[in-house]
Amino acid sequence: HLSHTINFMKNWQKALKLLRSKEKDVHLIVNPTLWELFKEACKKEGTTPNQMVSELVLQYLEETGILDEYLKKVNF
């Protein structure tokens, strides 16, 4: 499990750096209270909501195997 976790972290962190230059503005509908709590948590962690959402999306894609498929296609 540990080696999978390490590889998991490496893949999505590498992909985040690769994809960072290609960002798209998206619209989300989120409960305002939850959004404020999320922003507060991000601030405490020294990150931004945008960065955290990108990381969460990449983590999800890694968990589903879709990120690995994409990285293979682009020879990453």
Side-chain angles (χ1 to χ4, degrees):
H1 257 309
L2 181 60
S3 64
H4 174 70
T5 301
I6 292 169
N7 288 335
F8 163 80
M9 295 291 287
K10 288 180 182 177
N11 283 345
W12 74 260
Q13 287 174 339
K14 286 179 186 176
L16 182 62
K17 289 178 186 176
L18 174 71
L19 300 173
R20 182 62 69 186
S21 64
K22 298 178 182 180
E23 292 183 336
K24 175 182 171 81
D25 185 31
V26 297
H27 176 78
L28 297 172
I29 299 174
V30 180
N31 175 285
T33 302
L34 292 179
W35 183 250
E36 290 305 315
L37 290 171
F38 181 68
K39 289 190 332 186
E40 184 180 320
C42 289
K43 187 175 183 179
K44 281 184 179 181
E45 293 294 319
T47 189
T48 65
N50 286 341
Q51 184 177 2
M52 184 56 68
V53 168
S54 292
E55 290 178 13
L56 292 169
V57 167
L58 282 168
Q59 287 175 7
Y60 175 72
L61 293 173
E62 176 73 23
E63 289 173 9
T64 62
I66 293 172
L67 181 60
D68 286 336
E69 291 173 16
Y70 171 78
L71 294 176
K72 286 176 187 172
K73 274 194 241 178
V74 295
N75 296 318
F76 183 69

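Note that this is a predicted model, so its numbers are computed, not measured. Counting begins at 1 with the first residue of the sequence.
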Between [atom1] on residue [X] and [atom2] on residue [Y], distance to nearest 0.5 Å:
| X | Y | atom1 | atom2 | value |
| --- | --- | --- | --- | --- |
| Leu58 | Glu63 | CG | CD | 11.5 Å |
| Thr48 | Lys43 | OG1 | NZ | 13.0 Å |
| Asn50 | Glu55 | CG | CD | 11.5 Å |

Could you go through Ile66 and Tyr60, starting from their C-alpha distance and side-chain angles, then the distance that decides it, and tell me whether this counts as side chain to side chain contact (heavy atoms under 4.5 Å, CB included)?
CA-CA 9 Å; Ile66 293 172; Tyr60 175 72; over 6 Å; no
Name all residues meeting the side chain to side chain contact (heavy atoms under 4.5 Å, CB included) criterion together with [X]; count only those two or more places apart in sequence or in a different chain, and write none if there are none.
| X | result |
| --- | --- |
| Lys39 | Trp35, Glu36, Pro49 |
| Thr47 | Cys42, Glu45, Gln51, Met52 |
| Asp25 | none |

Linked, directly or transitively: Leu34 and Val26 (ILVMFWY side chains, under 4.5 Å)
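Different clusters.
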